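Along the sequence shown, residues are numbered consecutively beginning with 1. Since we're looking at a predicted model, the values are computed, not measured.
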Amino acid sequence: MDQKFIINGQQSLAGTIQVKGAKNAALKIFPVALLTHEPIRISNLPEIEDCRRAEEMLLALGHEVKKTKLGPVEIRYKSQKCVNLPADLVNKFRASVMFVGPLLASCGEVYFPHPGGCVIGAGTRPIDEFIDGFQKMGAKIEVAENKYRLTAKKLNGAKIFFRKMTVTGTESLMTTACLAQGETILKNCAMEPEISALADFLNRIGAKIEGAGTPNIKISGVKKLGGGEYKIIPDRIEAGTFSMLAAASNSGKVVIQNCEPEHLEALWALFDKIGVKYKLGKDSIEISPAKKLIACDVKTHEYPGFATDLQPAYTVLMTQAQGASLIHETIYDRRLIFTDSLTQMGANIIMADPHRVVVNGPTKLYGRKLMSPDLRAGMTLVMAALIAQGKTEISNIYQIERGYEKLDERLRGLGADIKKVSTN
Ligand code: EPU
């Protein structure tokens, strides 16, 4: 059933909003269950479409997944019956590639199509870093018609240098190396907090990982992993996006709770520059109305730099700031295309090339009929609609609900006029 959001903008936003568990941490923990026969419990799991797909993947591979009375989801090994990753699920989310290494390690074989996910890069988003890593660990690779078959009697430790800093690539090879024979050294690793959180959990259940959160990670292979509970860290992208929504709306005091402000230092440095009034607590952020916002350039960067996933929301914020700002998206080729929708809403945005736009502000935004192109851009259109004058309709909201739990309900808690309706 297709659904859309209907938003009447310019309501005053004030009050508290809770941040959920991080999607990009949650998705990486499900495949760990393939590496152990002990139960794994996941708490603070966001109820989002991508996590449902990850659960379906484990069910298809023969595992049991159920919600316990106390809340956490529990995964139990029943049988590992399949070496094929179901194509319909792999097509739906890119993090499905995280299942490849563990399945290869536990079955000696895995067969899968090129993974799907948000269309934010030119063509399909590559997985060459994963494939080259598995090959270095001893896997034989066959590729035909966009489908991969990997086989390995056993996986060995290896020295791997990532040509590109890759978040899921780092997580995938780090996880797979836990049960490989010998030592694996990963260099030029991504350093996102979700990677350190995953390494901490793997170490708690018996892995030997050193250096996660730095560019060099060493994994000493162990014979087996145990079970335990993984509490998902708060979603820093949600926390940052809600902070920018409050700043752009500039209408009341908004407190964002259950978050980790330390994970957003790049955003606070920008807030200092543009004049957002904010206060950080241990696990909360308070945003108060500011007299005036001043435009400031931004360039996306791997962590701890300014996250590409926050770029769309920052672009909307800049439509409300005084002056010109250059938004430079360095990670993806297609992540500025959504600015066309902002232009339709009244923003003054000039595209210099696929990686750079100039926003001239402040401009009023007006409600329009729009379609969510992908997860973060979709959320950003919701944000633009909330500060725009009049009514906006946003279709294709599956793309938004892949990553944001009960978004409409939580925004209504701040005073937003947003409802979800069926389109057929
Ligand atoms: N890349 C390659 N080859 C590879 C892997 C990556 O060329 O084998 C390139 C990508 O095309 C991209 C760059 O390296 O240009 C960085 O990609 P990365 O692998 O780091 O991205 P990812 O792991 O696929 C995760 C998040 C993304 C987030 C990026 C960057 C998950 C499930 N996804 O993607 O989140 O944008 O890191 O921080 O963790 C989102 O949540 O909306 C989202 C897209």
Side-chain angles (χ1 to χ4, degrees), residues 21-32 46 48 50-51 53-54 90 92-102 114-121 124-134 160-178 184-202 209 211-217 219 230 232-241 260 262-267 299-312 329-335 374-376 402-403:
K23 166 182 86 83
N24 290 344
L27 293 174
K28 316 302 169 52
I29 200 69
F30 288 95
V32 172
I48 53 175
D50 272 13
C51 286
R53 300 296 87 79
V90 175
K92 289 212 169 89
F93 67 115
R94 172 158 168 99
S96 58
V97 69
M98 279 295 294
F99 286 86
V100 170
H114 195 91
C118 284
V119 184
I120 47 184
T124 48
R125 284 155 74 189
I127 58 165
D128 52 324
E129 297 279 2
F130 299 72
I131 297 296
D132 292 354
F134 293 136
I160 297 165
F161 187 95
F162 291 109
R163 294 177 301 276
K164 276 213 165 167
M165 274 194 169
T166 154
V167 177
T168 309
T170 301
E171 292 165 325
S172 164
L173 295 182
M174 180 178 84
T175 304
T176 308
C178 287
T184 298
I185 307 279
L186 304 177
K187 288 196 174 171
N188 199 26
C189 297
M191 298 184 277
E192 272 64 7
E194 292 76 20
I195 299 172
S196 314
L198 176 62
D200 288 347
F201 175 69
L202 287 166
I209 303 172
T214 76
N216 299 325
I217 304 181
I219 306 112
Y230 180 70
I232 310 251
I233 58 170
D235 197 312
R236 63 195 161 92
I237 305 303
E238 247 196 36
T241 303
E260 190 70 71
E262 270 192 18
H263 291 166
L264 286 161
E265 283 179 307
L267 181 61
K299 190 171 175 180
T300 61
H301 197 279
E302 291 85 359
Y303 189 85
F306 189 82
T308 169
D309 293 348
L310 291 174
Q311 172 271 111
E329 169 57 57
T330 62
I331 312 284
Y332 296 113
D333 301 323
R334 295 171 64 90
R335 233 188 189 170
D374 62 70
L375 169 62
R376 303 299 171 193
R402 283 183 48 207

Exercise for the section: Not counting sequence neighbours, which residues clear side chain to side chain donor-acceptor pair (under 3.5 Å) with Thr330? List them please. Expected result: Thr300
Handout entry: Test log, rule side chain to side chain contact (heavy atoms under 4.5 Å, CB included), inputs Ile237 and Asn24
Key = CA-CA 9 Å; Ile237 305 303; Asn24 290 344; 5.5 Å; no
Handout entry: Any donor-acceptor N/O pair, Thr170 side chain to Cys189 backbone, under 3.5 Å
Key = no
Handout entry: Under 3.5 Å donor-acceptor, Glu129 side chain and Lys164 backbone
Key = yes
Problem - Atom of Ala212, atom of Met174 and distance for their closest heavy-atom approach - result: CB-SD, 4.3 Å
Practice task
Give a yes or no answer on whether the side chain of Glu192 reaches the backbone of Val167 with a donor-acceptor pair at less than 3.5 Å.
Solution key: no
Handout entry: Any Phe93 side-chain heavy atom under 4.5 Å of Leu27 side chain
Key = yes
Exercise for the section: Check whether the side chains of Arg94 and Thr168 place a donor and an acceptor atom closer than 3.5 Å, and report yes or no. Expected result: no
Completion exercise
Scanning both residues in full, the closest heavy-atom pair of Thr175 with Pro102 reads CG2-CG, 4.4 Å
Handout entry: Rounded distance (nearest 0.5 Å) linking atom OG1 of Thr308 with atom NE2 of His301
Key = 12.5 Å
Completion exercise
Between the CG atom in Asn216 and the NZ atom in Lys187, the distance rounded to the nearest 0.5 Å is 5.5 Å
Exercise for the section: Kindly say whether Phe161 contributes a backbone atom to a donor-acceptor pair with the side chain of Asn188 at under 3.5 angstrom? Expected result: no
Problem - Pro115 side chain reached by Ile127 side chain, heavy atoms, under 4.5 Å - result: yes
Practice task
List for me each residue that meets ring pair (Phe, Tyr, Trp, His ring centres under 6.0 Å) alongside Tyr303, sequence neighbours excluded, and say none if there are none.
Solution key: none
Problem - Approximate separation, where rounding is to 0.5 Å, of Leu198 CG and Ile29 CD1 - result: 5.5 Å
Completion exercise
Between Gly101 and Thr176 the two heavy atoms that sit nearest each other are CA-OG1, 3.3 Å
Exercise for the section: Check Leu173, Ile209, Leu202 against Ile219 for a side-chain contact (heavy atoms from CB on, under 4.5 Å) and give me the one that passes. Expected result: Ile209
Exercise for the section: Quick one: closest heavy-atom pair of Asp235 and Lys23, and the distance? Expected result: OD2-N, 3.1 Å
Exercise for the section: Using a strict cut-off of less than 4.0 Å between a Lys/Arg side-chain nitrogen and an Asp/Glu carboxylate oxygen, indicate whether Asp128 and Arg163 qualify as a salt bridge. Expected result: yes
Problem - Nearest-0.5 Å distance that lies between atom CZ in Arg335 and atom CG in Asp309 - result: 4.5 Å
Problem - Distance (rounded to the nearest 0.5 Å) between Ile331 CD1 and Phe306 CZ - result: 11.5 Å
Exercise for the section: Assess whether side chain to side chain contact (heavy atoms under 4.5 Å, CB included) is satisfied between Tyr332 and Arg125, documenting all intermediate values. Expected result: CA-CA 9 Å; Tyr332 296 113; Arg125 284 155 74 189; 3.3 Å; yes
Problem - Counterpart residues, side chain to side chain donor-acceptor pair (under 3.5 Å), relative to His114 (two or more places apart) - result: Tyr148
Handout entry: Which atom of Ala25 lies closest to which atom of Tyr230, heavy atoms considered
Key = CB-OH, 4.0 Å
Exercise for the section: Apply the test side chain to side chain contact (heavy atoms under 4.5 Å, CB included) to residues Val100 and Phe130: give CA-CA distance (whole Å), side-chain angles for both, the deciding distance (0.1 Å), then the verdict. Expected result: CA-CA 9 Å; Val100 170; Phe130 299 72; over 6 Å; no
Handout entry: Closest non-hydrogen atom pair between Cys51 and Ala26, with its separation
Key = SG-CB, 3.8 Å
Handout entry: Check: His263 and Ile233 side chains under 4.5 Å, non-hydrogen atoms
Key = yes
Problem - Interatomic spacing from OG1 in Thr241 to CG in Leu267 - rounded to 0.5 Å - result: 9.0 Å
Handout entry: Sidechain N-carboxylate O distance under 4.0 Å for Glu194, Arg236
Key = yes
Problem - Name of the residue among Lys28, Arg402, Lys92 meeting salt bridge (Lys or Arg N to Asp or Glu O under 4.0 Å) with Asp50 - result: Arg402
